[in-house]
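Have a look at the structure below, then the notes.
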Amino acid sequence: GTAGIEFNGTNYTVTNVSSLFTSTLGQLSAGTYNYYWWAYGNGTAHNYNVSATYSYTVNKSNSLVYTYLNDSRDNLTIYAGTSIWLNASRIAGEGSVSLYNNGTLINLGANVSNYTSFGDVGMYNITAICPATQNYSSSFETWWLNVTAAPFSLAIDLSSQLSQRISWNIVTLPMFN
């Protein structure tokens, strides 16, 4: 007789080795597939039999993306006026990685880099996103960049009038309206 499997609407003949029926299918994308077994005899009656319909599920794999602030996967503090590297790398998955600075797309690709200058004081959300595809789930990684005011240093040399040098370091200057 002959046996086979109808898998997701396509018939495949199976091989019988010691009562173990096998068939090789191509690569399957993530999803749910219906199948049933069928067989018919080689006797004069050519009896035909089918199994119940079953389902087979291929789950999505997890994607993984890393975000780097100046080559480090960690939050970072810098002074205003500093430029640093923002990078994103797809570790697992497929498709393009999107790199965002405070919600604004700054680069797109498999592995991306952007040399960015931060002139304004504030907190910046740096996020890389690897989108979901047919075979992979989405993933993201976020780090925070704290841009602070550069310290103000004032030095007055009164050494010609004093016996020792006096220096002031002013970190924050008060603002008056």
Side-chain angles (χ1 to χ4, degrees), residues 2-40 48-148:
T2 301
I5 185 171
E6 183 177 301
F7 193 88
N8 209 40
T10 302
N11 279 314
Y12 298 91
T13 302
V14 296
T15 305
N16 177 5
V17 177
S18 300
S19 297
L20 176 65
F21 293 86
T22 61
S23 182
T24 301
L25 306 176
Q27 291 186 353
L28 299 175
S29 298
T32 299
Y33 302 89
N34 293 321
Y35 71 95
Y36 64 86
W37 294 95
W38 55 266
Y40 61 88
Y48 183 75
N49 191 14
V50 296
S51 71
T53 299
Y54 301 98
S55 64
Y56 183 81
T57 300
V58 177
N59 293 322
K60 287 186 175 190
S61 295
N62 293 325
S63 68
L64 180 62
V65 64
Y66 285 164
T67 305
Y68 297 89
L69 306 183
N70 232 22
D71 297 323
S72 176
R73 289 183 55 236
D74 201 355
N75 297 321
L76 181 65
T77 298
I78 62 171
Y79 294 126
T82 303
S83 296
I84 65 167
W85 282 104
L86 305 177
N87 307 77
S89 296
R90 185 185 67 227
I91 306 305
E94 56 193 13
S96 294
V97 172
S98 301
L99 181 61
Y100 293 89
N101 176 356
N102 267 358
T104 300
L105 180 66
I106 59 172
N107 214 328
L108 179 69
N111 295 300
V112 295
S113 297
N114 194 289
Y115 193 64
T116 305
S117 179
F118 293 89
D120 295 329
V121 170
M123 291 295 289
Y124 293 83
N125 170 324
I126 310 301
T127 300
I129 299 174
C130 187
T133 63
Q134 183 174 357
N135 294 314
Y136 288 89
S137 64
S138 65
S139 63
F140 70 93
E141 184 173 64
T142 298
W143 296 108
W144 289 92
L145 179 65
N146 181 14
V147 179
T148 62

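Starting from 1, each residue takes its place in the sequence as its number.
Distance alone, capped at 3.5 Å, is enough to place a donor-acceptor pair between the Asn111 side chain and the Arg90 backbone. Between the side chain of Asn135 and the backbone N or O of Ala30, at least one donor-acceptor pair lies under 3.5 Å. Formation of a donor-acceptor pair under 3.5 Å by the Lys60 side chain with backbone atoms of Thr133 is found in this model. Judged by distance alone, with hydrogens and angles left aside, the side-chain atoms of Ser63 form no donor-acceptor pair with the main-chain N or O of Gly93 at under 3.5 Å. In terms of modelled atom types and a separation under 3.5 Å, the side chain of Asn107 and the main chain of Ser113 share a donor-acceptor contact.
The heavy-atom pair separating Gly81 from Ser117 by the smallest distance is O-OG, 4.4 Å. Considering all non-hydrogen atoms of both residues, Val97 and Ala110 come closest at CG2-O, 3.5 Å. Across every non-hydrogen atom of Arg73 and Thr67, the tightest pair is CG-O, 3.3 Å. The minimum heavy-atom distance between Ala92 and Cys130, with the atom names listed, is O-SG, 4.4 Å. Across all non-hydrogen atoms, the minimal contact from Tyr100 to Leu105 is CD2-N, 3.4 Å. Of all non-hydrogen atoms in Tyr56 and Leu28, the two that sit nearest each other are CE2-CD1, 4.1 Å.
Side-chain contact of Thr116 with Asn114: a donor-acceptor pair under 3.5 Å is present, judged by distance alone. In the model, Thr32 has a side-chain atom that pairs as donor or acceptor with a side-chain atom of Thr57 under 3.5 Å.
Ring pair Phe7/Tyr12 is perpendicular by interplanar angle, where above 60° counts as perpendicular and below 30° as parallel. In this pair, Tyr68 and Tyr66 present their aromatic rings perpendicular. The plane angle is above 60°, beyond the 30 to 60° band.
Contact annotation: the side chain of Ile126 approaches that of Leu99 to within less than 4.5 Å [non-hydrogen atoms, C-beta and beyond]. No side-chain heavy atom of Thr82 sits under 4.5 Å from any side-chain heavy atom of Phe118. Taking the side chain as every heavy atom from C-beta outward, Val58 and Tyr33 approach each other to under 4.5 Å. Using a 4.5 Å heavy-atom cutoff, the side chains of Tyr79 and Thr148 are in contact. Residues Asn146 and Asn75 are not in side-chain contact: their nearest non-hydrogen atoms beyond the backbone lie 4.5 Å or more apart. The side-chain heavy atoms of Asn125 and Thr142, taken from C-beta on, include a pair separated by under 4.5 Å.
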Checklist entry - Step by step, would you call Tyr36 with Glu6 a side-chain hydrogen bond (donor to acceptor under 3.5 Å, both in side chains)? => result CA-CA 6 Å; Tyr36 64 86; Glu6 183 177 301; 2.8 Å; yes
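Taken to the nearest 0.5 Å, the OH atom of Tyr115 stands 9.0 Å off from the CD1 atom of Ile84. The distance from atom CG of Leu64 to atom CG of Asn62, rounded to the nearest 0.5 Å, is 8.5 Å. Note that CG of Leu25 and OG1 of Thr22 are 10.5 Å apart. Values are rounded to the nearest 0.5 Å. Atoms CH2 and CG, from Trp144 and Asn102 in turn, are 7.0 Å apart once rounded to the nearest 0.5 Å.
With Tyr124 as reference, Val147 is the one residue of Leu86, Val147, Leu69 to meet the side chain to side chain contact (heavy atoms under 4.5 Å, CB included) rule.
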